[in-house]
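To start, the structure under review is shown below, and the notes come after it.
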2 protein chains.
Amino acid sequence: MDENCTVYRTMEYISKRWSMLILLELFKGQDGNKRYSELKADLPGITPKVLSGRLKELEAEGLIRKKVDMSSFPVRSDYQLTPAGFALIDVVKDLKNWALTWKIDNEACKRMDCARCRL
Amino acid sequence: MDENCTVYRTMEYISKRWSMLILLELFKGQDGNKRYSELKADLPGITPKVLSGRLKELEAEGLIRKKVDMSSFPVRSDYQLTPAGFALIDVVKDLKNWALTWKIDNEACKRMDCARCRL
DNA sequence: CGGTATCCTTTCGGATACTG
DNA sequence: CAGTATCCGAAAGGATACCG
């Protein structure tokens, strides 16, 4: 495929399962911040392997930042949205608005702030 | 997963390989319109199985419309973006703009209208 | 707590051949 | 031309156990 196409390349990490949901969960945390264990708890069904894999990818893409507090025991890891990550959430909001405009089966989501995405 | 979440459900078809690229190819056609064989030619690497599968999904989602001309032989099939499909292209544009703002390795795409997405 | 390692299953997509 | 049918391999993901 066309490796140089911005849209195509952006689709690459947009499209991976869990990736956007992880960003959304971080967004719901204080200052776009959550711990590994919180993410795990808030994303029912995700396995540790997949979660840690996605976190690495997202960090490599510059969408999140990892901060480890070595002074505490056990070690405490925090993940936080970067400005780029926050900006991507805005696009997800547009996507949600698109869905609410053009898909008719989202009445529940229209009535209230959806508990999951809270956008 | 949460089947009722608008964002989650939207991600479902955003995220499938080729789906957005098919929409982009249609967008590049006259009035958001292209034939099956054109799509196949314009999406190098896609197999007939995958293409026909994606087209069915996109039609079921109301993003494209299929029009068959039975009077001609061989049968001629046209696929066209619906208003919902066109609206989704706008979100893809936002996505592209996000990428161009936050990812530094897209200078070629910045300089010109990318030949592939033409957004 | 925050992961990694291993195994195993399933799904998806690619290749190809064929048909109305 | 516009697909469908069949087969196959790679890769992703789930379950589980374990470690610093």
Side-chain angles (χ1 to χ4, degrees), chain A residues 1-3 8-9 11-23 25-26 29-30 32-61 64-81, chain B residues 1-3 8-9 11-23 25-26 29-30 32-61 64-81:
Chain A
M1 285 292 311
D2 194 337
E3 310 297 339
Y8 173 75
R9 295 190 53 194
M11 284 300 162
E12 291 273 286
Y13 40 87
I14 283 284
S15 72
K16 299 203 91 169
R17 196 178 178 198
W18 297 111
S19 290
M20 290 300 107
L21 299 181
I22 290 171
L23 294 183
E25 285 308 318
L26 290 178
Q30 189 68 32
N33 199 296
K34 275 193 183 182
R35 302 176 58 178
Y36 180 90
S37 51
E38 293 179 289
L39 287 172
K40 193 165 181 322
D42 297 338
L43 294 165
I46 200 169
T47 59
K49 173 187 168 184
V50 172
L51 178 54
S52 63
R54 288 293 181 279
L55 289 170
K56 280 181 182 168
E57 294 164 3
L58 291 169
E59 191 184 15
E61 292 289 350
I64 67 177
R65 189 183 311 117
K66 181 179 183 179
K67 219 184 77 180
V68 184
D69 181 359
M70 301 294 286
S71 70
S72 68
F73 185 82
V75 169
R76 174 187 174 118
S77 289
D78 281 273
Y79 294 90
Q80 185 175 28
L81 289 179
Chain B
M1 285 292 313
D2 194 336
E3 310 297 339
Y8 173 75
R9 295 191 52 195
M11 285 300 163
E12 292 272 287
Y13 40 88
I14 283 284
S15 71
K16 300 202 89 169
R17 194 177 179 198
W18 298 109
S19 291
M20 289 302 106
L21 299 182
I22 290 170
L23 294 183
E25 284 307 319
L26 290 178
Q30 189 66 32
N33 199 296
K34 274 193 185 181
R35 302 177 59 179
Y36 180 89
S37 52
E38 292 180 289
L39 287 171
K40 193 164 180 326
D42 296 339
L43 293 166
I46 199 168
T47 60
K49 172 188 169 184
V50 172
L51 178 54
S52 62
R54 287 293 181 278
L55 288 170
K56 281 181 182 167
E57 294 164 3
L58 291 170
E59 191 184 13
E61 292 289 352
I64 67 177
R65 189 183 311 116
K66 180 181 183 177
K67 218 184 78 179
V68 184
D69 181 359
M70 299 294 285
S71 70
S72 69
F73 184 83
V75 170
R76 175 189 172 116
S77 289
D78 280 274
Y79 294 89
Q80 184 174 29
L81 287 179

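Sequence lines set the chain letters: A, B, ... in the order given, protein chains first and strands last, and positions in each chain run from 1. Every value quoted in this text rests on a predicted model; they were computed, and no experiment measured them.
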- Query: Tell me: NZ of Lys40(B) to C1' of dG13(C), nearest whole Å?
  - Reply: 14 Å
- Query: Taking the side chain of Pro74(B) as its heavy atoms from C-beta onward, which of dT4(C), dG14(C), dC1(D) lies nearest to it?
  - Reply: dC1(D)
- Message: Can you tell whether the side chains of Glu57(B) and Arg54(B) come within less than 4.0 Å, N to carboxylate O?
- Response: yes
- Give one of base, sugar-phosphate or nothing for Lys16(A), where a contact means two heavy atoms less than 4.0 Å apart. nothing
- Item | N or O in side chain of Ser37(A) less than 4.0 angstrom from dG2(C) OP1/OP2 | yes
- Message: Quick one, Val68(A) and Lys66(A) - any side-chain contact, counting heavy atoms below 4.5 Å?
- Response: yes
- Message: Strictly below 4.0 Å: does Ser52(B) bring a side-chain N or O up to OP1 or OP2 of dT4(D)?
- Response: yes
- Round to a whole Å and report the spacing from CD of Glu59(B) to C1' of dA2(D). 14 Å
- Query: So, is Arg17(A) near the phosphate of dG14(D), with a side-chain N or O under 4.0 Å from OP1 or OP2?
  - Reply: yes
- Query: Tell me: CZ of Phe73(A) to P of dC19(D), nearest whole Å?
  - Reply: 15 Å
- Expressed in angstrom and rounded to an integer, what is the separation of Leu51(B) atom CG from dA5(D) atom P? 16 Å
- Where is the tightest heavy-atom contact between Leu26(A) and Tyr79(A), given as atom of each residue plus distance? CD2-O, 3.5 Å
- Message: What is the distance, to the nearest angstrom, from the CZ atom on Arg54(A) to the P atom on dT4(C)?
- Response: 14 Å
- Query: Taking only side-chain nitrogens and oxygens of Ser77(B), does any of them come within less than 4.0 Å of OP1 or OP2 of dC1(D)?
  - Reply: no
- Mind calculating the distance between CG (Asp69(B)) and P (dG3(D)) to the nearest angstrom? 13 Å
- Query: Starting at CD of Glu38(B) and ending at P of dA2(D), how long is that distance when rounded to a whole Å?
  - Reply: 8 Å
- Query: Quick one: salt bridge (Lys or Arg N to Asp or Glu O under 4.0 Å) partners of Glu59(A), sequence neighbours excluded?
  - Reply: none
- Query: Could Lys34(B) and Asp78(B) be called an ion pair, given the rule that one side-chain N must be under 4.0 Å from one carboxylate O?
  - Reply: no
- Given dG3(D), is OP1 or OP2 found less than 4.0 Å from the side-chain N or O atoms of Lys66(B)? yes
- Message: When you measure from the side-chain N and O atoms of Tyr36(A) to the phosphate of dT4(C), is any distance below 4.0 Å, counting only OP1 and OP2?
- Response: no
- Grab the NZ-P distance between Lys56(A) and dG3(C) for me, whole Å please. 8 Å
- Message: Any side-chain N or O of Arg76(A) below 4.0 angstrom from OP1/OP2 of dG2(C)?
- Response: no
- Query: So which nucleotide from dT16(D), dG3(D), dG14(C) ends up closest to the side chain of Pro48(A)?
  - Reply: dT16(D)
- Pair of N/O donor and acceptor under 3.5 Å linking dG3(C) base with Lys49(A) side chain: no
